Structures are given as structure tokens and as C-alpha cells.
Protein chains: 4
Amino acid sequence: MNIALIGQGFMGRAHSNAYNQVVHFFDSKRRPRLKLLCGRNRESLGAMAERWGWEEVTTDWREAVTRADIDAVDIAAPNSLHARIAIAAAEAGKMVFCEKPMANTLDEARRMVEAARRVRTMVWFNYRRVPAIAFAKRLIDEGRLGRIFHYRATYLQQWGNDPSRKTGWKLDRVVAGSGVTGDLLSHLFDTALALNGPISRVSAMQSTFEPGREIDDAVAVLAEFANGSKGTFEATRYAVGAVNQNRLEIHGSRGMLAFNLEDLNRLEFHDASLPASEQGPRSILVTAPGHPYGTNFWKPGHIIGYEHTFIAVLGDFLRALDEDALFHPNFEDGLEVQSLLDAVERSSLTRAWTTPETVAAQRPPNQP
Amino acid sequence: MNIALIGQGFMGRAHSNAYNQVVHFFDSKRRPRLKLLCGRNRESLGAMAERWGWEEVTTDWREAVTRADIDAVDIAAPNSLHARIAIAAAEAGKMVFCEKPMANTLDEARRMVEAARRVRTMVWFNYRRVPAIAFAKRLIDEGRLGRIFHYRATYLQQWGNDPSRKTGWKLDRVVAGSGVTGDLLSHLFDTALALNGPISRVSAMQSTFEPGREIDDAVAVLAEFANGSKGTFEATRYAVGAVNQNRLEIHGSRGMLAFNLEDLNRLEFHDASLPASEQGPRSILVTAPGHPYGTNFWKPGHIIGYEHTFIAVLGDFLRALDEDALFHPNFEDGLEVQSLLDAVERSSLTRAWTTPETVAAQRPPNQP
Amino acid sequence: MNIALIGQGFMGRAHSNAYNQVVHFFDSKRRPRLKLLCGRNRESLGAMAERWGWEEVTTDWREAVTRADIDAVDIAAPNSLHARIAIAAAEAGKMVFCEKPMANTLDEARRMVEAARRVRTMVWFNYRRVPAIAFAKRLIDEGRLGRIFHYRATYLQQWGNDPSRKTGWKLDRVVAGSGVTGDLLSHLFDTALALNGPISRVSAMQSTFEPGREIDDAVAVLAEFANGSKGTFEATRYAVGAVNQNRLEIHGSRGMLAFNLEDLNRLEFHDASLPASEQGPRSILVTAPGHPYGTNFWKPGHIIGYEHTFIAVLGDFLRALDEDALFHPNFEDGLEVQSLLDAVERSSLTRAWTTPETVAAQRPPNQP
Amino acid sequence: MNIALIGQGFMGRAHSNAYNQVVHFFDSKRRPRLKLLCGRNRESLGAMAERWGWEEVTTDWREAVTRADIDAVDIAAPNSLHARIAIAAAEAGKMVFCEKPMANTLDEARRMVEAARRVRTMVWFNYRRVPAIAFAKRLIDEGRLGRIFHYRATYLQQWGNDPSRKTGWKLDRVVAGSGVTGDLLSHLFDTALALNGPISRVSAMQSTFEPGREIDDAVAVLAEFANGSKGTFEATRYAVGAVNQNRLEIHGSRGMLAFNLEDLNRLEFHDASLPASEQGPRSILVTAPGHPYGTNFWKPGHIIGYEHTFIAVLGDFLRALDEDALFHPNFEDGLEVQSLLDAVERSSLTRAWTTPETVAAQRPPNQP
């Protein structure tokens, strides 16, 4: 299975690592071959290809799309290129993997879904596959939390406050599309949809702290879920003191779950069905054989890191391919996230509660 | 200084304890005398008076207001009585201490302030005087957090989900006025005003999970502070897994502070002025001589509990009296909180961003 | 019940507080009357008596022992006075309460027990009555930990490293008898005996970091318990970074318990009988009605502090008196601790494994 | 650089991963080539070779030693084979990498050092290269902890209590040599020597909880360091509730450090040179550019896992090779650990304080 990767930045490295490592930890009939690496800087491209084992390089992403020997096109380029490349790749019949946010506008995302109706797609919402998050989903699906009352998610970073990091494409509205809304809130929404189902209405407040900047440095959202629970979301690059805190707390009638990406091997579980005097949040190290991905990586207590979430995404994608099964999150799932991002932007602009355009309100609660 | 206390519930006990204990930990020319205890249940009233050392009892609160030998009237009765008693006491020239929320409506609170212009007042927002919160205020006032970006406060309780606790005056709209908005969010707002200054606008979502109930079981708020920082607030009685988590996180350009009432002796401080590789949230045990109230109670590391916050309120009030100084939070401070609660209710009803009626927008940022 | 308290220092304050507060939180036929305060500094004595409500003062402790109207003598004087006062008080037929360590030598402790055979005694090992520790004992007694393998206790303080605190009676061998061995390790041993039963053998290392000092600044101990479990103990005043960390970890075949005095309202419980994938240390806030002392103090989640452990000791002592029941820890329990301290000192001196002289080896495991 | 790996178990996988990954994260002139995999089970050997990219397989470890095209022999076989293979490999002029414990006896270790005088060696004490531990060493070496008073290390696992894991070579005295002493305590000692210098004397207590078992299930040690500080060590497989807790606490006159392998990306640092009221343990996420290995792996806050410690060992070894520099820990370092393990066993048997045979007492304190 020949891969063409477009992008030579941080995500390019993370994906390259996953292509190398997936065969060590997951079983599949398929073996990704690191065929073609695309990027704009030919010089550093060569070094990166050598380091990670890419066989060929090119500075023209169209090559990835047009070459007959490429099976899957992986888009880790800046956001404004996602739609164009994805549509071209899909129309060329390639599998398409796309970094988040899927697109810069809801319209782009819709066209991507349309173009990709006949190919297999994946969006790199890797945090769904943190073992602790996958374990959370299992507990919720088993009814261990009962009726959900509250869903509280924050994604806190601090680099916006770093005077040495005042430029880059992530801060450029034309390229990035948005600030933390697309970059961080999209992650929170994908996980929320997976764990707690559709969101029917939002009230949002986007903020920009840096004078003259056109993208959002922070965003906060009140949300109503279709299952009747209430949500709050917050994403920011100005949470000084928080390096990479993708945090989650869910309260239901039968229990509570809590998670923090900085301690990604742990899940806190409060089981309210225990005797009252014995209740308390339990810190579970999600590395045991009975846990999701518990037999893929190392032994209990031998923790995994950030990179393993990408490996798990890829491992599951290959297995779905082997089994001819539908993979999630695919472009349709990405579209649902995009419709929420769109609703957030409109709500913030109009200062009104807003309904996402494509609410999958039909889905029953707790069964995303 | 003769005290009349109205109320024989949980708050009645907490105040009684404070009157007994304040002389042991604070120096003042005045010594509170537990003169008169008022409550509706004469039988349990006698036992309570004997246990806590009240000299006399009555079932008629008007006695507290009319007796010449009473210097201060302390209102720990259900919310719907606050305004009536406070106004009567103030008009009788008594000092008035009032439990939170100060009133059931903004109009009531305004009339209380009006009636009490010539007497000394206090609202029992005791959490301002948690040593860790007082220390947080000192650090903020010293500029240690720099420009504030984010203020995030949650007050999480779980007893709403307890099937054995489905009745009581706190769940009765006529008596309580509101649910968690008055009961818990009021605490969050008082602390926010003290630490981060006025709030200029809110978007709120009140929720009721129990069918047929008329008060709010949960509330979530987006807020804009006058100093340009952005706030999120959440209060709920359905946060299963959280017993009494009044939590706070503040991020500024120079640092971060975090607090949780369940660990009230600790303050987390992230100092972003340290070398980058040495930065991290620091867990400070706020029990040392250099800390607020550090010399009032025990030795470093010998922690205090919930009750000490009431003792500290009273100790500071007596000192203000000795020094003929203005005490905070007084009824005017309580009114500002009430105007925010009012804005929250209107915003939730109308689903629109709402400005509190009495924003003290003149106050400069960070100098509440 | 008329009390004479000997001692006007930190412990004098803590005991005074308990005498005032016990009637507010515990039911008893008896009400302690703060009759006589004894101390060597008459001037500060008057201020202390006034602050805490002592009716009379004296600078001669013999008055406490000889006056007919005194029912109980409470010894919070420096260690070297314990034996003399206790024996005199016991011989005068008074109840005797004594601060820890009970005595400066094993011989003193033996003579105290001998003298007090006919009176009621108590040693202020207050940490047994931290609700979390009492809850730990209940869980152990119910077999929830199964067979105990490991008992690990540390008492870490840092003030030894403080250049401003290089004098005081606690550092004087003649007065204090020992350093951390008597001051801190005694607490660890009392709790260990209560939770895990007798200790049969120790290997100890006492250390002095300050040149010229004659007492131990730190002590570490390997221990064998009669029930077959293995223990490690460590106490020090040079654990920079630890303010008052009396910590405990117990591992058994069915679970684990952990505690830290700096967070005294919490107990960590790992229940190994849960499904493997759901196991993890559970942080229980020991403030609920079903917990020890859960109905004595405030509501769930409204935490208590250091002082409440003294109130609980006194409350339980009064109840034992009401019920004519044996109270623990009494002088015989104190003697067992003293024999362990003695064994530790001998082991450290001789550098050999040492057996305490009065091992109560008859007691079955887990049933202290 | 052609590698022959002997061992197809858990360590075999961890090393295989490191050989694949080191080129992605570290720069070196050399590139390890996965030439030959040796193991006793030919069937699973093929699958493992295919999965991890080993070019050839053999069931005879002598092939690894005798083949001219092998540059380095990596020993991940059971402990009883270490000495034999290492000596043969060294005598054949190969570089030798050896899993811990280096040997089953002090004599074996001595012979290994002797045989390997002319070749480069490495012992896989990977925890030295946890970024947080390497950062701890930097802080200590810079004097940030001042004079060291206390060193407290525990390695807590629970699988000994698992009824399904009562067999295996790690429990066989002939093969494993010892139980937790060689398996876990060896790690603690290597880190202690690196951070705090030589240990001059130990008192040890080895314990076996399982009837009929000949190896130690637990061990506890009192230790005196050459620099005057005092240590306690404990390792066990019966610490129910602890999955893989390699924990460390160091207290010095100027600060404190704490670490736990289950949260290996964090280091707690208490800086006692800060103002007293601002002191507290600081939780540093050791993933920033200024941290050890901070630029090798991912971005700040994107945590690494267990496997990265092996990659870092290998990366540093290759760099040492490039620079013709001495690598640590090598066989001489391993011998020093072995002499401590030997002293522990003798002390436990004789119940006496014991001096390791090869104390490097010449090294000045704090400069390991």
C-alpha cells in the first residue's frame, strides 16, 4: 500500500513515524510503503525523506495525486490546501487521509465529502484513539455513566503568549482559516461527538488578544447536546501554565470520567454505583491487557506517548480495510465537526445561539 | 457586641462556631456575645442554643430587630426572608450580616442597600477569605499574573443526583429564588469580582434536569470582564463525582493560578517569569507565616478546614470595626453580585448576551 | 469535669481549642471545664487564659496535681516533665492525658503505666483519629486489604533546615529525650500498631546533620510485623519541600491504602477485587455521613483541619467515660510505642536488628 | 553498524524498537542495521524478525559472537546467560550491550568487566535517560539541591500478587539469580549512583511472600551515601495498587526533587531558594526544548513513553561512538551496581550492616 505524504512539518513527522511503526504494533495484511514525500522545500525534503525512509520526493503535490502507483494520499499541508488536494486525490480514486481541521469552510468540507463518496477517507482526529479516550467510550457505551448531565472540555495551550512565536501560518487567516477554533476546538468536538453524540445548539465567544491579528486566539462555547446534556468547551493558546492540556470531564447519573492529554495514559473514573463511603475518582492507568490497545504496545505501567495515537489511528484504518469495514472518523465525521466550527463562528459573530447546519439529530443519545 | 442569629440550619451552626472561635484566633477590642438565637422550631432551638452557647432563644425574628440590646443581626434564614429581615434590622440601626445570595431579586437587593446606608453590613461570601484565595488576590494585585487572559470558575456539587434529596427549601423557587445560580454561582461571582474586577456582559444557559422542578439545577456562563479578559463560569448540583469543588483557574501573561475548595489549603501558582525549563504549576501549602491568616491559626502544614473561612470573615469584620474601616464584601458588593445573577437569568431566558444593570465599569482592571 | 492543663505552647493551644470545641461536635454527659492553666511564664499565661477561657492560672504544676477540684491533668509540657507530672497526678487519683512521646525513656514509661493502673489515661496520639485513618482501620479490619504485605510510613518535615530555627527545647537532648524519633516516629508507630499490629524486630539508622547536635535529625527503620508484613519507616526534619507530610501506604493482597496528613481529608483506596481494567487508586474525600466522624463535623466536601483530630480524641475519650469503656491509646498503648522507640535507639547504636522489649506478640495479625 | 540481538521477549521487542527508531530522532554517522536475531524458539523468531525488520535469525547465540559481520552483540536473554555471552562476545572483539542486572553474581560481573576491557560496553539501565531523570541530574550537578540529606527510592510492582503469574524464569533462582533485587533494585541503584554518588554501607531486608519460592519478592534497604546523605530503597512485586512505580524523592538543603515512572514526563522540583511563601513542589513537564532530549522527540506537551528511554540510550551511545567518548553506564558502572546488589544479599542473610566490595569512595559527593 503506497503512501504519498504531503507536508514536511510537525504533522509530517508524526505521520511518517506512524507509517514506520504501525507494522510493529498492529497486525494487518497491508504494509504501508513510504513511497513519496511532497513538500515545498526540496532541500530539507531530502533530509526528511532519508531520516524517515521515504523512497522519493517531490515539490509538486499534484504528482501524488496523478501517479498511478500511489494508493493513498495523506494531507499534512497547511489548512488552505486541504480541500484542493483532497478533492483532486479523491477524484483520482486515491484513499485520502487529511489532517484536522478538515477544511477552512463548511462549503469546502461539503465539497470534499461530495468528491470522496467513492473512496475511503480518514481525518486524523488522533485523540479518539488515545487508549484512555477509547476506554471512556467503552464505559459510556456500556451505560456506566448513566444519563449524561455535563460534558466539559478544554484545550489549553500557552504558546500564543510566547513573544518568539508571533508569526507562522497558523496565525495567518488566509492559510489557517481560523485560530484555535479549527486547530484545537475541532479536536474537542470530534471527541465529543464520539463520546456524547450530536450537538444541537451553541453560543460562542471567540477572542483575539493580540492587536492586529485576524484569527481567534481563544474560543469558549456553551452547548446543548441532542441527548439533553449540557456542554462547555474552551480552547485557547493563551492559557499560560498549560502546555498541551486537552482535558475532559463528563458527569452522568451513574458516574464521572476525567482526562488530561498531558497524562494521556490515565483515565479518572468515578463509579457512583459503589457504596457512598467508598466513592471517589479512581485514577486508572490505561495500559493493561483489558484496555483498548492494551495488547498492542508495551506491558502494564509501561506508558505510551503522543505518537502512539497516530499509530493507533493507522492500525485501525488498516484493519478496517482488511475487514472492508467503515472507518471513523472519515470525511463525513469531519464534516459534522466542520458544521459545528461553522456554527461557532456564526454564533460568535452574531452573538446569538446558533444551530449547526448539519445536525445529525436523528442519532439516539449516547450512541454516536 | 451582642449578636442575634436568625437561622438554625447548617449556616446557623457555621456562624455559631465562628462567634465562639473568633476570639481564639483574632485580636479585637470587641468580643461577640451570643445573645439571641432565632428559629422556627422551638424544641431544636433550645438544644442548639445550649450546644453553641446562645443565651436566649426566640421563634420570632422581629425580636432580634426590635430589642435594644442587640448590636448585630445575622441572617442565616432561607433566602426569601433576607430582604425583609435585613431592611427591618437596618432601619432599626443594627449592623446586618447576611448569608448569600443576598436576595432573591435585584430589586430586593437594591432596597436592602438603600435601607442599610447608615449601618455596617456584611455578606457571608466566606470563600474570599480562604487563605489561598486571599493569597491569590495578593499575587494578582502585585502584578504577578500580568495581563489577565482567562478566568475559569466552576462550582461542582453532586447532591442533585441523590434520590434521597429531592425536597427542601433550596429546591423551592418561592423560597430559594433560584437554584445553583443564587446558591453557588453567587460565590463564584463574588470571588471573580474580588480577583478580576467587574464583568460587563454574559451569555448564560440555565438548565433543569429534574422534571417538574422550577429552579435551575445547573448554569453555565460566558463572560467578558471589564479588564478585557474572558471568563467561563459553571455551577451545578449534578456533577456526579464532585462533592464540593469550587474550582478556579486564572491565566495571565505572567502566570497562572488554580484552586479547588476540596483542597482549600493549597494554591497552584505557575510563574511564567521563571526560566522556561523550570516552569510548572507549583502547589503551595498556604499555611505559612507569610501567608494571609498564616499567623492566626496553626503552624505551617497544620491545615485548616471549611469553618475557618467564617472565622476569618468575622475576624476581619471586627478589625474593620476597630479601625473604623470599610469592610468588604458589604451590601454594595452583594448588590453587584446580585446584578450579575439577574443578568444571568435574563440572558438564559432571552438567549441573548446581557449586560448587568449596575456594572461598576469605572473600576480599573485588576483593582477590584 | 474540671481540667488542669500544663503547658502554654503550641500543644497547649491545640488542647485548649479541643476543650472549647468538643461540646459543639460531640455528645457527652460530661462537659470539660477549663479550670486551671499551668505554665512557667505568668505574663503570657494570663493572656492565654483569657483568650481560651481558662478560669485560673498557676506557675506551679504541683497545684494541678494536688487540688481536689481537678478531675483530669493534661500534660502538654516539655517531654522531660511528662513522667514526673503523670506519676504525681496518677498517684493523686486524677485522670491523666499526656502528649507524645509519652516519656523520654522506656523506664519512665513503665513507671508511668505502673503508677496509673487505677486511673484513666490517654496519650494524645491524635492522628489515629484523623477520619481518613479511622476509615483505613475500618477497611483493614473488614479484610478489604486481605493479607498485608507492605507498610510504608514517612513523617517528613523541613524546619530542621531553617537557619532561624536552630534552638528550642525540641533540639535539647536533656529536655526532648530524642529528636524525630520521639517527636515524629512515635506518631508513625502508634498508627502502625493500630492499623497493622505489633512490630517484632527493627533495624534502624538515626542521623544527625547539624554538627554538635546531640539529638537525631532523621531516622529510618526497617521493620518486621508480627503478621508477616514488612515495614519501612522514616522521620526527618530535613525533608526540604515537605511541610508536614505524615504519609502512609499499605499494600495487601486485596488492595492498597494511601494517606498524607497535608491532605488529611482524603484516603486513597485501591480495591484489587474490582475488574482488572477498572482498578486504580481512588481518592475518597472522607467527609460523608458514612465515614468516621462524618456526622460530627460539617457537610460532605466541607473539609476539616488539623485541630479537629484533637477534638475527636477528646470526644471519644468522653464517650468512653460515659460508657465506662476502655479508651485507646492509653498509657499501655503508649508504652508499646515507647518500647519500639527504645528498640530503634538501641538498634541504631549497635547497628544490629533489635527486638522491642515488650512485644505484644500474642495479638493476632490485623486485630490490634 | 551490524547488530545481533539475543533475546525474543519483552526486552527483545524494546531493543528492536530502539534500533528502528533511533535514526528518526538522533543524529549519528552510524545507522544500526538489524542483522541477526537470536532466540530459542525458531517459529516465533521468524515472525518477530519479520515484524521488526531483522534480516536473519538463528537459534544459536554463538553465531552472533563468531560471525565476522557482527559489530555489536546485544544481550536480552535471561540473566544466567549474560556473563557467558558477554565474555564470548567481548573476547571476539564485539561491542557488548547487556540488559540488567548485568550478572547473577558479583564474580560474574567482575569477569565480564575483565573480558571487556578492550571493547565498548553498555548496560541497558534505560531509566537514567528518562528526560526527567536526566534533568534531575542536571539540577543536582548545578547545585540546585545544595547539600543532599535524603535519597528515597521505591520500585513498586504488583504482579507478584497475580495468581496467573506464578511461574516464569524471573521467579527461578537458577536463571534469574535473584528476584526484585536484581530486577528492580538494580535500576534504583544505577540511578542513585548517577544522581547521588557512591553508597558506602547498607542494611537490607529481603522477603519472600510466596511459600516455597527461592527468590526475593521484596527488598528494603537502609543506606549511607559517601556524600553523607541517607538513603532508603525498596523494591517489590507485591505492592498491590502500583503498576510500575519507579519513584524517587531527593531532599537537599536548597530543594527537593520527586519522580514517578508512571508519569515519566514530569519532574517535581521544590526550589527552597524562592521566597518562603511561594515555595512548593513544582510539576515540570519535561518536554520543552531546554530539557534533556527536548529537541529529539516531539513538541512541548506532546509526551513520550517508556520505549523512548531505550531510544535515548542508543542515541547517546552512538554519539559517544561518533565522538570516541566514554559511554555511561558501561560494564564498570554495571559492576558497581552489582557490588551493591551483592552487599544487599549478604546484609540480608547476615542481618548486619554491610559494605559493598568495590565502593568508589574516592569520588567526591554530588559528582558521580
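Owing to the predicted nature of the structure, the values given are computational and were not obtained by experimental measurement. Order of the sequence lines sets the chain letters (A, B, ...), proteins ahead of strands, with each chain counted from 1.
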Point to revise | Neighbour count above 12 (heavy atom, 6.0 Å) for D:E56 CD | key: yes

Review point. When you look at CD of D:E50, are more than 12 heavy atoms from neighbouring residues, nucleotides or ligands closer to it than 6.0 Å?
Key: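 No, the 6.0 Å shell around CD holds no more than 12 heavy atoms from other groups.
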
Point to revise | Neighbourhood of chain D inside residues 290-301 of chain A, taking heavy atoms under 4.5 Å as contact | key: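 Within residues 290-301 of chain A, near chain D: A:N296, A:F297, A:W298, A:K299, A:P300, A:G301.
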
**Study point:** Residues of residues 6-19 of chain A contacting chain D, heavy-atom criterion under 4.5 Å, by residue number
**Key:** A:F10, A:R13, A:A14, A:N17

Hey, are the side chains of [X] and [Y] touching, using non-hydrogen atoms and a 4.5 Å cut-off?
{"X": "D:N20", "Y": "A:N20", "value": "no"}
{"X": "D:R266", "Y": "A:D263", "value": "yes"}
{"X": "A:D27", "Y": "D:R51", "value": "yes"}

Practice item. Counting only heavy atoms closer than 4.5 Å, note whether A:Q21 contacts chain D via side chain, backbone, both or neither. Key: side chain

**Study point:** Criterion side-chain contact (heavy atoms from CB on, under 4.5 Å) on D:I303 and A:L264, from CA distance to verdict
**Key:** CA-CA 8 Å; D:I303 68 170; A:L264 67 83; 3.7 Å; yes

Check your understanding: Are a donor atom and an acceptor atom from the side chains of A:H24 and D:E307 found within less than 3.5 Å of each other?
Key ->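 Distance-only check fails for A:H24 and D:E307.
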
